[in-house]
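Okay, so here's the structure we're looking at.
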Amino acid sequence: SRSLVSSCEKIKVSSSMGKHYGKDKMFDGCSDTCWQSKEGKPQCITIEFDCTRFLQKFRIQFQGGFAPTECQVLIGGGSHEALA
């Protein structure tokens with residue numbers, strides 16, 4: 001499957017541990033890199049596309065044993081929102 005990241009207009013994160021763990025590391029295709037947030041919660045990732053996109057799947061991969069106790073995916077556009 002191909003990534004839609006190239007069609008993203010904007011990617012924002014709630015925090016970052018610096019340039020070595022920045023938001024660009026989420027989508028660089030290298031399994032040795034990752035985005036890392038600062039401590040605290042909630043942490044969020046916002047991805048805005050340049051136009052409407054239809055997704056068949058959405059994959060989240062966590063680094064080496066780290067996983068959240070709660071995870072929400074909010075999908076929305078205009079006046080339409082859904083919690084997945």
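By convention here, the first residue in the shown sequence is residue 1.
Taking the side-chain hydrogen bond (donor to acceptor under 3.5 Å, both in side chains) definition, one finds that Asp24 meets it with nothing, sequence neighbours left out. Residues satisfying the side-chain hydrogen bond (donor to acceptor under 3.5 Å, both in side chains) test with Thr46, not counting sequence neighbours, are none.
Shown here for Ser15 and Ser37, the closest heavy-atom pair between the two residues is OG-CB, 3.5 Å. Taking both residues in full, the closest heavy atoms of Thr33 and Lys25 are given as OG1-O, 3.6 Å, listed atom of the first, atom of the second, then distance.
Taken together through direct or relayed side-chain contacts under 4.5 Å among Ile, Leu, Val, Met, Phe, Trp and Tyr, Phe27 and Val13 form part of one hydrophobic cluster. Transitive grouping of hydrophobic side chains (ILVMFWY, heavy atoms separated by less than 4.5 Å) brings Trp35 and Ile47 into a common cluster.
Residue Gln36 forms a side-chain contact (heavy atoms from CB on, under 4.5 Å) with just one option from Gln43, Met17, His20, and that option is Met17.
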